[in-house]
Amino acid sequence: MFIAFRREVEAAVEAALDDLGYPTGDLGIEEPPADVLAVLASSVAYRLAGEAGAPPPQVAGELADAVDVTDAKYVAEARSQGPYVNFRPSDAYFADTLVEAQADDWGHLADTGESVVVEHTSANPTGPVHVGRARNPILGDALARVLEYAGNDVTREYYVNDAGRQMAVFTWAYETFDEADLPEPEREKPDYDLVRYYRKGNEFLEEGPDEEVEAAEAEIAAIIEGLDEGDEATYERVEEVVDTVLGGMQDTLGRLPAEFDEFVKETRFLRDDSTHEVVDRLKESEHAYEEEGAWQLDLDDWDIEQSFVFLRSDDTTLYTTRDLAHHEWKFDEFDRAVTVLGEDQELHANKLNAALDILGNDTDRLEELFYAWVNLPGGESMSTREGTGVDMDDLLDEAVSRAEDAVRSRLGDRVRDDDLTDEDVERIAEQVGIGAVRYDVVAKQPTKAITFDWDDALDFEGQSAPFVQYAHARACGILGEAAGDVEPRLDADVLTDDAERALLASIARFPLVVEAAAEDLEPHQVATYTREFADDFNAFYRECPVLADDVDEDVQAARLALVDAARQTLANALDALGIDAPESM
RNA sequence: GGGCACGUAGCUCAGUUCGGACAGAGCGUUCGGCUUCUAACCGAAAUGUCGGGGGUUCGAAUCCCCUCGUGCCCGCCA
């Protein structure tokens, strides 16, 4: 709706500028402040003042007069206000918004016809998911959802690093150490079980007797070599560890929820020989050279100082080499590829891009979304190997437990009479607790560093998921109360209060927000929208009673339709973020 | 040392792409509101050298240069 409105405004302004003999390159279309009664405005008069030899307000007046919106469906009027030309919505704008927002798929944009692979998380399967890693799946899953809302065919991919040194160390440690020498696992889950071997192994390599460490290193090197050569027996040894740990991690990620369509293993690109084909092609490149037995690329032309080593002096490949084959696979299978990466990966990503360019790929099809690290208070970083950090399972358990306390403490003074069972309470606690954690992460700009704080992550008031979810529950409450007594009617003409109009205008913006968030790869724009929207709904809730006895029947029916449209908008906006919308709280 | 990010109210953050209407929220503080569709809510008040300095512009939180502070990266690791 908003998008159609914008199209009409753009066409009208462009035509008017053309008529008046002004350039049409800059239309100056922007969203006005909240207290201005317009959906869009143009500030172009500022720029034309010099050429026109008249002050901006005068140019704005001239432009407003020249704008012809008689054929427009959604733009009712162009009116100058100071240096701005404001575009006001027609009755049809509100009427169609009310109708369209009733649909289950409200906020979904037209199909782009494009397939997009969103690779996220891709954490090495070395142990339980900790909070430091959690930004990636939450951000990645929300991004995938937003891109789906924007009309793309999205595949969620977890790239499994099963061929590197870390997995070789893990496999060696798992086969070498005796469970009796390990501490009790922190949780009865396979990832918590096996990470003990990994930690023990790393400790041994750092502090063990030189001779024994040397022998261990030889065994680790043999595993790496076996993988690189595609040796089936080695692959099976490593796979046992990888799949077991990954299974445990998947359970945790699923709670967020972050689920994947594909788990693509790194060893796949060794077994099908594509990595070695990449090596051969790179050796032919004018940027390739051999130094001290290692093959590398000179990336000066891409303003990257450091060379890109793609073949070790012992002729084995590196993670980055295999990642090249991986990305060529993506280019074959999908139209676009987006990767969610920690900011520590930026140099690697730039080098990868340059190498893909050398291999003749169109790297415009590949984009990255970088996020800053989550640190512990005191500046300590979270590490699986060292066992520092807060486990994601612990955070989610605590969040759900606090949410359950909150739900139960409110049961006594509930006005709404919907008899929540224990099962309901548990479900709501799950939705609210996990939603709060997820919202806390997804609402912030990814480039800003986060210091983890229990109270901040578990704050259920103010700008949080529960605040937005509560607005949704309120809407459901009204709809439930009205069921059978009042039939909603799609009649926006009787919705004339400021709060009603503001809510409709806010509903109409939803598709635009999806469009912008997808375009910029910024799910947090949707999060910002949800809390502004909840504000608008709460204002309506306060100002406009729906079911009160003294409300006119027509108004009651129309307000009920408006409540349903708001409910649909809240539910879908939360869904685009991967947050559940409880019907009662 | 070089590269990339970040710095907005006491705290947590929107707004910065693409310069434009008085710089906005929440928490906290002070005051007020539940016999009225759910108070995880709402209303009112107070709170700012938009890190600092310079520049461009009719106009800068937003663009450019310098500077300070913080984080990340600079492996034949992943």
Side-chain angles (χ1 to χ4, degrees), chain A residues 26 28-30 32-36 41 43 45-47 49-50 55-56 81-84 86 122 124 126 161 163-167 266 291-296 303-306 309-314 316 318-320 323 342-348 350 370 372-373 375 379 403 406-407 409-410 413-418 432 436 440 443-445 447-450 453 455-456 459-467 469-471 473-482 519-520 522 524-525 527-528 531-532 534-535 538-539 541-542 544-549 551 559-560 563 584-585:
Chain A
D26 173 13
I29 307 295
E30 55 193 64
D35 56 341
V36 173
S43 62
Y46 281 110
R47 267 90 69 196
Q81 183 177 341
Y84 294 91
N86 291 328
S122 302
N124 293 338
T126 52
N161 307 152
R165 178 183 156 83
Q166 291 187 69
M167 293 325 298
E266 196 179 341
E291 194 176 275
E292 293 173 24
W295 277 89
Q296 40 205 305
D303 286 326
I304 298 170
E305 233 174 274
Q306 195 185 58
V309 177
F310 61 90
L311 195 63
R312 290 191 181 102
S313 47
D314 67 359
T316 56
L318 292 87
Y319 169 82
T320 38
D323 209 14
E343 63 179 357
D344 55 324
Q345 307 276 319
E346 191 157 2
L347 179 61
H348 163 237
N350 290 339
F370 293 106
W373 231 228
N375 285 308
V407 176
S409 74
R410 284 172 170 82
D413 48 34
R414 291 170 65 84
V415 178
R416 185 167 162 192
D417 179 27
D418 56 1
V432 169
D440 187 56
K444 289 172 183 151
Q445 275 191 63
T447 48
K448 303 213 181 194
I450 297 178
D453 181 286
D455 290 330
D456 282 353
D459 184 7
F460 294 165
E461 288 177 356
Q463 299 175 340
S464 66
F467 171 71
Q469 290 171 319
Y470 189 66
R474 276 179 151 179
C476 290
I478 295 172
L479 293 164
E481 191 73 22
E519 168 71 27
D520 301 338
E522 290 184 345
H524 82 267
Q525 291 188 29
T528 302
R531 63 156 209 262
E532 288 169 354
D535 277 338
N538 284 331
Y541 185 89
R542 184 184 68 247
C544 305
V546 179
L547 303 175
D549 293 338
V551 179
R559 281 183 180 169
L560 200 59
V563 169
S584 183
M585 282 172 73

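So that the names make sense, note that chain A is the first sequence line, chain B the second, and so on, each numbered from 1.
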Item checked: Under 4.0 angstrom between A:R474 side-chain N/O and B:A39 OP1 or OP2 -> yes
Item checked: Nucleotide opposite B:U29 in a Watson-Crick or G-U pair, distances under 3.5 Å -> B:A45
Note to self: Strictly below 4.0 Å: does A:Y319 bring a side-chain N or O up to OP1 or OP2 of B:A78?
What the structure shows: no
Next item on the list: May I ask you to check whether A:Y46 and A:Y84 place their ring centres under 6.0 Å from each other?
Entry: yes
Note to self: If the cut-off is 4.0 Å, is A:R542 near the phosphate of B:G33, judged by side-chain N/O to OP1 or OP2?
What the structure shows: no
Note to self: On the side chain of A:R47, is there an atom forming a donor-acceptor pair with the base of B:G19 - under 3.5 Å, no angle test?
What the structure shows: no
Note to self: Using the P atom as the point on both nucleotides, what is the distance between B:C34 and B:A40, in whole Å?
What the structure shows: 15 Å
Next item on the list: Would you sort out whether A:K444 and A:I450 count as a side-chain contact (heavy atoms from CB on, under 4.5 Å), showing the intermediate values?
Entry: CA-CA 9 Å; A:K444 289 172 183 151; A:I450 297 178; 4.3 Å; yes
Check: With a 3.5 Å cut-off and no angle check, do the side chains of A:E292 and A:S313 form a donor-acceptor pair?
Finding: no
Item checked: Polar side-chain contact A:N538-B:A39 base: donor and acceptor under 3.5 Å -> no
Margin query: When the P atoms of B:G48 and B:A23 are compared, how many Å lie between them, rounded to an integer?
Written below: 13 Å
Next item on the list: Check whether any side-chain N or O of A:H524 sits under 4.0 Å from OP1 or OP2 of B:G15, and answer yes or no.
Entry: yes
Next item on the list: Please state whether the phosphate of B:A21, meaning OP1 or OP2, lies under 4.0 angstrom from any side-chain nitrogen or oxygen of A:Y46.
Entry: no
Note to self: Which nucleotide, if any, forms a Watson-Crick or G-U wobble pair with B:G69, using both distances under 3.5 Å?
What the structure shows: B:C6
Next item on the list: For B:C18 versus B:C64, give the span between their P atoms, rounded off to a whole number of Å.
Entry: 10 Å
Next item on the list: Pick the C1' atom in B:U36 and in B:C42, then give their distance to the nearest Å.
Entry: 14 Å
Next item on the list: Give the intermediate values and the outcome of side-chain hydrogen bond (donor to acceptor under 3.5 Å, both in side chains) for residues A:D520 and A:Q525.
Entry: CA-CA 9 Å; A:D520 301 338; A:Q525 291 188 29; 3.1 Å; yes
Item checked: Aromatic stack A:W373/B:G71: centroid gap under 5.5 Å, interplanar angle under 30° -> no
Check: Taking the P atom of each, how far is B:C68 from B:C76, in whole Å?
Finding: 31 Å
Checklist line | Partner nucleotide, any strand, of B:C74 [Watson-Crick/G-U, under 3.5 Å] | finding: B:G1
Note to self: Would you measure the distance from the C1' atom in B:U67 across to the matching atom in B:U29 and give it in whole Å?
What the structure shows: 36 Å
Notebook entry, point to check: Expressed as a whole number of Å, how far does the C1' atom of B:C4 sit from that of B:A9?
Noted result: 29 Å
Next item on the list: Go along nucleotides 1-13 of chain B 5' to 3' and tag each nucleotide: B for a protein heavy atom under 4.0 Å from its base, S when only backbone or sugar atoms are that close, - otherwise.
Entry: ---SSSS----SS
What does the list of N/O pairs under 3.5 Å between the protein and nucleotides 45-47 of chain B look like, with a distance for each?
none

Notebook entry, point to check: In chain order, what residues pass the ring pair (Phe, Tyr, Trp, His ring centres under 6.0 Å) check against A:F467, with sequence neighbours excluded?
Noted result: none
Next item on the list: Check if the side chain of A:R410 and the base of B:A40 share a donor-acceptor pair of N or O atoms closer than 3.5 Å.
Entry: yes
Notebook entry, point to check: Which value, in whole Å, describes the distance between the C1' atoms of nucleotides B:G15 and B:A61?
Noted result: 8 Å
Next item on the list: Could you tell me the separation between the CG atom of A:L347 and the C1' atom of B:C73, rounded to a whole number of Å?
Entry: 6 Å
